[in-house]
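Numbers restart at 1 for each chain; the letters A, B, ... are given by sequence-line order, proteins then strands. Atoms considered below: every heavy atom in the structure, side chains included; atoms not considered: hydrogens, waters and symmetry mates.
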There are 2 protein chains.
Amino acid sequence: MDSNLVQFKKGVLELCVLALLARSDSYGYDIASRLSAAIDMGEGTIYPLMRRMQKDGLVSTYLVESSSGPPRKYYRLTEGGRKNLNDQKSAWTDFTRAVAAILDLDLEKTS
Amino acid sequence: MDSNLVQFKKGVLELCVLALLARSDSYGYDIASRLSAAIDMGEGTIYPLMRRMQKDGLVSTYLVESSSGPPRKYYRLTEGGRKNLNDQKSAWTDFTRAVAAILDLDLEKTS
DNA sequence: GCACGGAACCTGTCTATGCAAGGTAGCCAT
DNA sequence: ATGGCTACCTTGCATAGACAGGTTCCGTGC
């Protein structure tokens, strides 16, 4: 079926999270909600991801009290995270370009 | 590092193989060589993939003698394979578009 | 006060995929 | 007959997400 849609996301979720955080700090539930709308991501998926990214030094965290539930754990991009975003972004661009070249072999004419 | 490049490939390799076979029948080693050049795919990856695709009825096979090594196992797209190619291709297009929208939030203007 | 629902967090287990490394078999040239 | 090349195949491992469950905290209605 379209269960391979799941596979497409591998690695890209991290990139998307980095991109979101580059705009402004955010907390897990919010990130999950937004990405769940854009591409189809379950809420439970975000927390292991964020933990990994923190372990890898891409993000740092701080808590903010909330009047509607438990305190929110905000994530902020680190320097390394910002650099990583750029690297991954161009890697992704290159990759999709290469794939597009394979998919649309017909157009592959000009240099 | 760029080890996440590995993750980007998840699921997409199958799509690429389908696209190659849509042009003409081919055998494992040849497919692997070409995809290894385009995106960076290891040879050992192709055989489990082809087996899976055959099990899923996307390709059929036939042997052709070769004067330079063991007989080549050619793969041909089935009807289902061709349909699957179209489905996956549009799924991939949609997905990359969604990701691009997240990455380039700034440009996101005209519908 | 207490029960409920919802916000927000966390964890454990499963599956799919790709990779690296290894192993076989034929053919050709030295 | 040795080495090297094509071409095939297999196994064990690491990774990332999905899913289902569980927990804490708050506000509202009874």
Side-chain angles (χ1 to χ4, degrees), chain A residues 1-18 25-36 38-56 58-59 61-75 88 92 95 99, chain B residues 1-18 25-36 38-56 58-59 61-75 88 92 95 99:
Chain A
M1 310 309 155
D2 53 2
S3 62
N4 52 347
L5 203 244
V6 172
Q7 300 302 325
F8 290 166
K9 297 179 201 163
K10 298 284 168 98
V12 187
L13 281 187
E14 178 174 319
L15 174 56
C16 290
V17 171
L18 287 171
D25 296 1
S26 185
Y27 54 99
Y29 191 84
D30 179 57
I31 298 175
S33 303
R34 288 201 267 161
L35 286 187
S36 152
I39 45 194
D40 180 70
M41 162 206 240
E43 189 228 330
T45 303
I46 195 68
Y47 297 102
L49 213 196
M50 297 316 296
R51 189 101 36 74
R52 216 169 53 226
M53 291 174 65
Q54 187 173 12
K55 180 173 64 73
D56 294 345
L58 303 181
V59 299
T61 68
Y62 55 95
L63 289 178
V64 174
E65 294 295 325
S66 162
S67 65
S68 67
R72 297 169 171 167
K73 185 187 276 183
Y74 273 78
Y75 298 91
Q88 283 201 50
W92 173 250
F95 178 71
V99 172
Chain B
M1 304 304 160
D2 53 4
S3 61
N4 52 349
L5 204 242
V6 173
Q7 300 302 325
F8 288 166
K9 298 178 201 164
K10 298 282 169 97
V12 187
L13 285 186
E14 178 174 319
L15 173 56
C16 290
V17 170
L18 287 172
D25 297 1
S26 184
Y27 54 99
Y29 191 83
D30 179 56
I31 298 174
S33 304
R34 287 199 267 162
L35 286 187
S36 154
I39 45 194
D40 181 71
M41 166 209 236
E43 191 227 332
T45 304
I46 195 68
Y47 297 102
L49 214 196
M50 297 316 296
R51 196 166 290 274
R52 224 167 46 227
M53 291 174 65
Q54 186 173 14
K55 180 172 64 73
D56 294 345
L58 303 181
V59 298
T61 67
Y62 55 96
L63 288 177
V64 174
E65 293 294 325
S66 162
S67 65
S68 67
R72 296 167 172 168
K73 184 187 277 183
Y74 272 78
Y75 298 89
Q88 283 202 50
W92 173 250
F95 178 71
V99 172

* How many Å lie between CG on B:Asp30 and C1' on D:dC5, as a whole number? -> 16 Å
* Using whole Å, report how far CD of A:Gln88 lies from P of D:dA16. => 10 Å
* What nucleic acid atoms does A:Val12 come within less than 4.0 Å of, heavy atoms only: base, sugar-phosphate, or nothing? -> sugar-phosphate
* Taking atom C1' of D:dC9 as reference, at what distance in whole Å does atom CZ of B:Arg51 sit? -> 7 Å
* Starting from C1' on C:dA7, measure out to CD1 on A:Ile31 and report it in whole angstrom. => 15 Å
* Measure from the side-chain heavy atoms of A:Met41 and tell me the nearest of D:dA18, C:dC10, D:dC9. => D:dA18
* Given atom CG of A:Leu58 and atom P of D:dA16, what is their separation to the nearest angstrom? -> 11 Å
* To do: Of all the heavy-atom pairs spanning B:Ser26 and B:Ile31, show the shortest one and how long it is.
  => OG-CG1, 3.6 Å
* Asked: Which part of the nucleic acid does B:Lys9 contact within heavy-atom distance under 4.0 Å: base, sugar-phosphate only, or nothing?
  -> sugar-phosphate
* Considering only side-chain heavy atoms of A:Tyr47, which listed nucleotide, D:dG17, C:dC9, D:dT15, is closest? -> C:dC9
* **Between P of D:dA18 and CZ of A:Arg52, the distance in whole Å** => 11 Å
* Taking the side chain of A:Arg72 as heavy atoms from C-beta outward, which of D:dC8, C:dC9, D:dT24 is closest to it? -> C:dC9
* Distance check: side-chain N/O of A:Ser67 vs OP1/OP2 of D:dC26, anything under 4.0 Å? -> no
* Asked: In whole angstroms, how far is the C1' atom of C:dC19 from the CD1 atom of B:Ile46?
  -> 13 Å
* Asked: A:Tyr74 vs A:Tyr62 aromatic rings, parallel, tilted or perpendicular, using cut-offs 30° and 60°?
  -> parallel
* N/O (side chain, A:Lys73) to phosphate O (OP1/OP2, C:dC10) under 4.0 Å -> yes
* Quiz item: A:Glu43 side-chain donor-acceptor pair to C:dC10 base, under 3.5 Å -> no
* Structure fact -> Result for 5'-nearest mapping on DNA chain D, choosing between B:Gly69 and A:Glu14, is B:Gly69
* Looking across every strand, which nucleic acid part, if any, lies under 4.0 Å from A:Pro48 by heavy atom: base, sugar-phosphate, or nothing? -> base
* To do: Scan A:Gly28 against the nucleic acid and name what it touches under 4.0 Å (heavy atoms): base, sugar-phosphate only, or nothing.
  => sugar-phosphate
* Protein-nucleotide distance (A:Asp40, atom CG; D:dG17, atom P), rounded to Å -> 14 Å
* Which of the following nucleotides, C:dC9, D:dA16, C:dG18, is nearest to the side chain of A:Tyr27? -> C:dC9
* Structure fact -> Side-chain contact check for B:Leu49: nearest option of C:dA7, C:dA25, C:dG18 is C:dG18
* Report yes if at least one side-chain N or O of B:Tyr29 is closer than 4.0 Å to OP1 or OP2 of D:dC8; otherwise report no. => no
